[in-house]
Amino acid sequence: MEDQLPASPKATTLPATTDVLVVGAGPIGLAAAATLAGRGVDVTVVDRQAEGANTSRAAVVHARTLEVLDTIGAAAPLVAQGIHAARFTIRDRDRTLVPVRFDELPTPYPYALMVSQAVTESVLLDRLAALGGRVLRPYRVVGIDGNDVRFAAGETVRARYVVGADGMHSTVRELADIGFGGDDAGESFTLADVRIDSPLPRDEVILFFSQTGILVWAPLPDGSVRLVAPVDEAPERPRVEFLQSLLDARGSASSRGTVTEVIWGSRFRIHHRVADTFRSGPVLLAGDAAHVHSPAGGQGMNLGLQDAVALGNALTEVIGGAPESVLDAYAAARRPVAHEVVRFARQLTRLATVPAPVRPWRNAALVALSRVPAFRRRLAWQLSGLVYR
Ligand SMILES: Cc1cc2nc3c(=O)[nH]c(=O)nc-3n(C[C@H](O)[C@H](O)[C@H](O)COP(=O)(O)OP(=O)(O)OC[C@H]3O[C@@H](n4cnc5c(N)ncnc54)[C@H](O)[C@@H]3O)c2cc1C
């Protein structure tokens, strides 16, 4: 599908020094770098890959994230390319348990924006380029000694600050000796963008609860639908038959729909983990390097993008002369938010998979709760991220 991530210009050399070295040019590194570049900070972005990723992955951008991206000029081009889903519902097969409306939220973005991660990265890369920045590739960080960062081919860069935006298996986090505590087992997910004949809505995100686990239905701008589900043994490349059986077992019973094509599919294993600290001396963490959790609620990349802009602003202040405590404040403010999002994702998964005898009680309780406007509002604020303003 959207394979339009532009190739980054190849770097000739790394600079000897930089104020901020951003390690990783995923969405979080790009957003942090665009924030810094936009405020006139000397920033260098490196990535170990020769080219940017072009797969779909995270597909939802929430209202709070768009508010934050607007501060770096990246919201408008993104909003123009996605579906504006005004509703989110939790269903048990055909029964709607909780309807959540985003269109009543007090924000310029009263919807969940459905857009592929490849498009999000492309918009952020364009923004960075417009601000005079670029990504230097392929440069793999292998060592950090104080302010000196060492690369696989032996080069070193002296950086006042190093941003670890290098993903779940962050080398920067390991080199800074920052623990990454959480559960060991992890959850295995299948994920696919499919063409599907189905009467289910194309402007609504649906979280189906079922005894065998959740199923997320998320429409995408090209008419395809993103399906995400935790399964015991996710196939490396999910096929039509496999996804059809998931849809039959977990989705709507009356409007089953027929999966006709798998455009892109993958699997991933997610642990619930939060880094022990988001700062150690000159090293700061953001995004998946700092926290990972289940995609229930579609919060992962959103949380990271909010980290990125907050960190970019904090670094700008400190480089401009503010005390280093501003960086500690970043770490202290963002870590509890990560814990809260992990707790919320866990809660959703637990609720989804209650044993059969408890299911009618759960459903009755959720339906009753969803009649309480304050409960529906709270859920809308939580999912949209506005609660973290
Ligand atoms: C298959 C799949 C499906 C997903 N689906 C969803 C979803 O539905 N919803 C959701 O919210 N999230 C989803 N995610 C997670 C989402 O993609 C991440 O939350 C998001 O990409 C985090 O961005 P990031 O920039 O922190 O890290 P990443 O996107 O992982 O980027 C890290 C970058 O760092 C670079 N790097 C790593 N190590 C080094 C090094 N030593 N030196 C230099 N560069 C380095 C890597 O090359 C990479 O480009 C999915 C992830 C995968 C893999």
Side-chain angles (χ1 to χ4, degrees), residues 5 8 11 14 21-33 44-62 65 112 114-118 120-121 124-125 135-144 149-153 155 157 162-175 187-193 205 207 214 216-218 220 226-230 234 236-238 264-271 275 285-308 311 338 341 345 383 385:
L5 195 69
S8 303
L14 289 164
L21 179 72
V22 175
V23 183
I28 285 29
L30 291 172
T44 303
V45 193
V46 292
D47 199 287
R48 68 178 175 188
Q49 302 288 347
E51 295 290 333
N54 59 13
T55 50
S56 179
R57 295 164 292 148
V60 55
V61 183
H62 286 296
T65 313
M114 304 308 304
V115 67
S116 131
Q117 185 170 329
T120 303
E121 290 181 15
L124 290 167
L125 189 61
V135 179
L136 308 184
R137 301 173 179 274
Y139 287 107
R140 181 162 64 91
V141 169
V142 294
I144 301 179
V149 180
R150 201 173 67 254
F151 290 83
E155 309 94 329
V157 172
V162 179
V163 172
D166 51 343
M168 178 160 58
H169 304 290
S170 170
T171 304
V172 171
R173 186 186 63 232
E174 275 170 27
L175 291 170
E187 251 185 309
S188 157
F189 283 85
T190 192
L191 154 154
D193 295 346
V205 180
L207 179 62
I214 57 171
V216 178
W217 163 282
L220 289 170
R226 158 71 54 88
L227 299 176
V228 188
E236 196 176 340
R237 296 270 168 269
W264 175 77
S266 186
R267 64 178 172 187
F268 61 109
R269 181 169 282 278
I270 288 285
H271 301 262
L285 301 180
D288 278 17
H291 42 72
V292 287
H293 56 82
S294 124
Q299 301 293 314
M301 188 183 67
N302 286 270
L303 186 58
L305 288 171
Q306 290 167 44
D307 293 344
L311 178 54
V341 169
L383 286 163

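When reading the values below, keep in mind they use all heavy atoms of this one structure, side chains included, and skip hydrogens, waters and symmetry mates. Start at 1 and go down the list; that is how both ligands and their atoms are numbered. Bear in mind the structure is a predicted one, so any value in this text is a computation, not a measurement.
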Ranked by distance from atom 7 (C) of ligand 1, the top protein heavy atom is A58 CA, 3.5 Å
Next on the checklist: Please confirm whether P27 approaches ligand 1 to less than 4.0 Å, judged on its heavy atoms.
Outcome noted: yes
Among S294, A234, G167, the residue with a heavy atom nearest to atom 28 (P) of ligand 1 is G167
Looking only at protein heavy atoms, what sits closest to atom 2 (C) of ligand 1 is R57 CG, 3.6 Å
Nearest non-hydrogen protein atom to atom 45 (C) of ligand 1, with distance, is R48 CG, 3.7 Å
- Query: Quick check: does E121 get an N/O under 3.5 Å from an N/O on ligand 1?
  - Reply: no
shortest atom 16 (C) of ligand 1-to-protein heavy-atom contact is with Q117 OE1, 3.6 Å
When every non-hydrogen atom of Q49 is compared with those of R137, the smallest separation belongs to O-NH1, 3.1 Å
Numbered in order shown, the ligand 1 atoms found under 4.0 Å of a heavy atom of R226 are 8 (O)
Atom 31 (O) of ligand 1 sits nearest the protein heavy atom G26 CA, 3.6 Å
Under 4.0 Å from one or more heavy atoms of G287, ligand 1 contributes atoms 26 (O)
Atom 33 (C) of ligand 1 has as its nearest protein heavy atom D47 OD2, 3.6 Å
| said: Is it the case that the side chains of Q306 and T65 hold a donor-acceptor pair, with the cut-off being a distance below 3.5 Å and no angle test? | reply: yes
the protein heavy atom lying closest to atom 15 (C) of ligand 1 turns out to be D288 OD2, 4.2 Å
Aromatic rings F151 and Y139: how do their planes relate, parallel, tilted or perpendicular, breaks at 30° and 60°?
perpendicular
Quick note on ligand 1: atoms under 4.0 Å from a heavy atom of G24 include exactly 33 (C), 34 (O), 35 (C)
Tightest non-hydrogen contact, residues P27 and E121, listed as CD-OE2, 3.1 Å
task = Flag R267 as yes when one of its N or O atoms lies below 3.5 Å from any N or O atom of ligand 1, and as no otherwise.
result = no
of all protein heavy atoms, closest to atom 42 (N) of ligand 1 is V141 N, 3.0 Å
Atoms of ligand 1 under 4.0 Å from any heavy atom of G300, numbered from 1 in the order shown, are 11 (O)
Is any N or O atom of S266, backbone or side chain, closer than 3.5 Å to an N or O atom of ligand 1? no
For Y139, the atoms of ligand 1 under 4.0 Å from one of its heavy atoms are 42 (N), 43 (C)
Requested in this report: Return a yes/no value for L191: is any of its N or O atoms, backbone included, closer than 3.5 angstrom to an N or O of ligand 1?
Outcome: no
So, regarding R140 and ligand 1 (criterion: nitrogen or oxygen to nitrogen or oxygen, under 3.5 Å), is there a contact or not? no
Numbered in order shown, the ligand 1 atoms found under 4.0 Å of a heavy atom of T171 are 41 (N)
Within 4.0 Å of some non-hydrogen atom of A165, the atoms of ligand 1 are 32 (C), 33 (C), 34 (O)
I28-ligand 1 polar pair, N/O distance under 3.5 Å: yes
